[in-house]
S.K.: 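One structure is given below, represented as structure tokens, and several questions about it will come after.
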Amino acid sequence: MAAARTSPEPTSPEPRRDVSRGRIDKREAILDAAFTVFARQGYAQACVKEIAAEAGVAKPTVYNHLNDKATLFREAMVAAAERVVAEDLAAVEALAVPDDDLRARLEDAGHRLLQAHCRERSRALRRLLHAEGARFPEPLEVVRGRGAGRVTEALAGRLARLILAGRLRAADPETAAEQFLALLTGPMEARTAMGARAVPDDELRALTRAAVDTFLRAFGPETGDEAPGTLEARSAEARSTEARSTEAGSAAAR
């Protein structure tokens, strides 16, 4: 009697998801290494061979993921900007924590924003944007759109809630957000020597306190001397800004 034939067990193909994940991880490692080398050497002096060594991959692998040095620079700048923005947005979330002490909340958020602003990646990003902005205008536009715009919008949403709650003067939340960020970061280019100097934390705290003090003098709670209709109009602006911020947050979560 012939022995029953058994079908060989089907071999499981390597999951596509793992292959895709590995490719994404390698690309991210290359972009991170590229930003490190560009920040250290500048665009002109950096070479793809050095970037490959920094990433721990072969030089052809870099070209397989990113076509040339210029593309590598653009993509590395955008990736670095996304990480910087994520830190800024996390700092803005400090204003979401319930607290009766408005000044303390603003100082906490402001201090976190300045810490993010002064981290090495953020400083290196600004140095490269200043140095290479004429040769590569695209990253500058991307950083403005994805970076400053998103942070301002998120901060405006938080300030809009404080305005609606009567914690701040009725005002345009976007203007208030722009002013708050300007008070915080305005002095930093000189303090950091255009991003070349690390600023001690006690200096950051002093700058934050001064910024919050000036901000509250301009946007502190109402004194009742507004012209008729002004409060209602500005409260409507605050509600509109809060709604846009909530919609943007929901879209980002999706």
Side-chain angles (χ1 to χ4, degrees), residues 78 81-119 122 125-126 129 140-189 204 207-223 226-227 229-254:
V78 170
E82 289 288 352
R83 292 178 64 174
V84 169
V85 169
E87 292 177 349
D88 288 340
L89 292 175
V92 171
E93 283 304 301
L95 285 172
V97 179
D99 191 340
D100 291 335
D101 191 339
L102 177 59
R103 178 180 289 274
R105 289 178 65 185
L106 289 170
E107 287 187 4
D108 185 25
H111 180 235
R112 294 188 193 191
L113 281 165
L114 276 184
Q115 284 181 314
H117 187 77
C118 290
R119 289 194 180 103
S122 182
L125 181 65
R126 295 195 299 279
L129 287 172
L140 181 59
E141 293 304 316
V142 170
V143 170
R144 282 176 178 165
R146 297 186 188 179
R150 283 169 59 191
V151 175
T152 301
E153 184 177 342
L155 180 58
R158 294 300 175 192
L159 295 180
R161 296 184 183 186
L162 293 171
I163 291 169
L164 290 173
R167 307 293 304 282
L168 291 175
R169 178 183 299 273
D172 175 15
E174 292 182 5
T175 299
E178 290 173 349
Q179 293 291 315
F180 187 55
L181 290 171
L183 288 168
L184 287 168
T185 62
M188 296 312 299
E189 292 303 292
L204 295 183
L207 282 169
T208 303
R209 286 193 295 270
V212 170
D213 185 59
T214 302
F215 180 80
L216 286 177
R217 290 186 185 188
F219 296 98
E222 300 290 349
T223 59
E226 293 285 345
T230 301
L231 299 183
E232 291 79 359
R234 290 182 176 172
S235 294
E237 289 176 352
R239 285 192 293 271
S240 176
T241 300
E242 182 186 11
R244 289 198 303 273
S245 178
T246 301
E247 289 173 3
S250 299
R254 291 197 295 271

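Computed from a predicted model, the values in this text were never measured in an experiment.
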S.K.: CG of Asp101: more than 12 outside heavy atoms within 6.0 angstrom?
M.R.: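 Atom CG in Asp101 is crowded, with more than 12 foreign heavy atoms closer than 6.0 Å.
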
S.K.: What heavy-atom pair brings Arg169 and Ala218 nearest, and what distance separates the two atoms?
M.R.: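 Scanning both residues, the minimum pair turns out to be NE-O, 3.5 Å.
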
S.K.: Return the minimal non-hydrogen interatomic distance between Pro221 and Gly166, and the atom names on each side.
M.R.: CB-O, 4.1 Å

S.K.: Minimum heavy-atom separation for Ala182 to Pro187, with atom names?
M.R.: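 Smallest heavy-atom distance, with atoms named: O-CD, 4.2 Å.
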
S.K.: Listed by chain and number, what are the salt bridge (charged side-chain N to carboxylate O under 4.0 Å, His left out) partners of Arg83, not counting sequence neighbours?
M.R.: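 With sequence neighbours excluded, Arg83 shows a salt bridge (charged side-chain N to carboxylate O under 4.0 Å, His left out) to Asp32, given in chain and number order.
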
S.K.: Is the shortest distance from a Lys or Arg side-chain nitrogen in Asp213 or Arg217 to a carboxylate oxygen in the other one below 4.0 Å?
M.R.: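 A salt bridge links Asp213 with Arg217.
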
S.K.: Holding to salt bridge (charged side-chain N to carboxylate O under 4.0 Å, His left out), I want the full list of residues that pass it with Asp108, two or more places apart in sequence or in another chain.
M.R.: Arg112

S.K.: Please identify each residue that fulfils side-chain contact (heavy atoms from CB on, under 4.5 Å) with Thr152, with sequence neighbours left out.
M.R.: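 In terms of side-chain contact (heavy atoms from CB on, under 4.5 Å), with neighbours along the sequence ignored, Thr152 is linked to Ala177, Glu178, Leu181.
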
S.K.: Identify, with sequence neighbours excluded, every residue that meets side-chain contact (heavy atoms from CB on, under 4.5 Å) alongside Ala86.
M.R.: none

S.K.: Do the side chains of Arg158 and Glu153 get close enough for a salt bridge, i.e. N-O under 4.0 angstrom?
M.R.: no

S.K.: Using 0.5 Å steps for rounding, measure from the CG atom of Leu184 to the NE2 atom of His117.
M.R.: 9.5 Å

S.K.: Sequence neighbours left out, what passes side-chain contact (heavy atoms from CB on, under 4.5 Å) with Ala176? Give chain and number order.
M.R.: Leu159, Phe215, Phe219

S.K.: Does Glu87 pair with Arg119 as a salt bridge, N-O distance under 4.0 Å?
M.R.: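 A salt bridge is present here (some side-chain N lies under 4.0 Å from a carboxylate O).
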
S.K.: Whether the side chain of Arg161 engages the backbone of Ala96 through a donor-acceptor N/O pair (distance < 3.5 Å, no angle test) should be reported.
M.R.: no

S.K.: Please name the pair of heavy atoms, one in Ile163 and one in Ala171, separated by the smallest distance, quoted to 0.1 Å.
M.R.: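 For Ile163 and Ala171, the tightest heavy-atom pair comes out as CD1-O, 3.5 Å.
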
S.K.: Just grab all the ring pair (Phe, Tyr, Trp, His ring centres under 6.0 Å) pairs involving residues 94-114, residues at least two apart or on different chains.
M.R.: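 For residues 94-114, and leaving out neighbouring residues, there are no ring pair (Phe, Tyr, Trp, His ring centres under 6.0 Å) pairs at all.
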
S.K.: Can you name the side chain to side chain donor-acceptor pair (under 3.5 Å) partners of Thr214, sequence neighbours left out?
M.R.: none

S.K.: Using side chain to side chain donor-acceptor pair (under 3.5 Å) as the criterion, list what pairs up with Gln179, not counting sequence neighbours.
M.R.: none

S.K.: Roughly how far, to the nearest 0.5 Å, is CG of Leu168 from CG of Leu216?
M.R.: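 One gets 7.0 Å once the value is rounded to the nearest 0.5 Å.
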
S.K.: Could you check if a side-chain atom of Arg103 sits within less than 4.5 angstrom of a side-chain atom of Val212, using non-hydrogen atoms only?
M.R.: yes

S.K.: Within a strict 4.5 Å, meaning less than it, do heavy atoms of the Arg150 and Glu82 side chains meet?
M.R.: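 Result yes, sub-4.5 Å side-chain heavy-atom pair found.
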
S.K.: Give the minimum heavy-atom separation between Ser122 and Ala116, together with the two atoms involved.
M.R.: CB-O, 3.3 Å

S.K.: Who are the side-chain contact (heavy atoms from CB on, under 4.5 Å) partners of Arg167, not counting sequence neighbours?
M.R.: Leu102, Arg105, Leu162, Ala165

S.K.: So, the side chain of Thr208 versus the backbone of Leu204: is there a donor-acceptor pair under 3.5 Å, distance only?
M.R.: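 Such a contact is found between Thr208 side chain and Leu204 backbone.
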
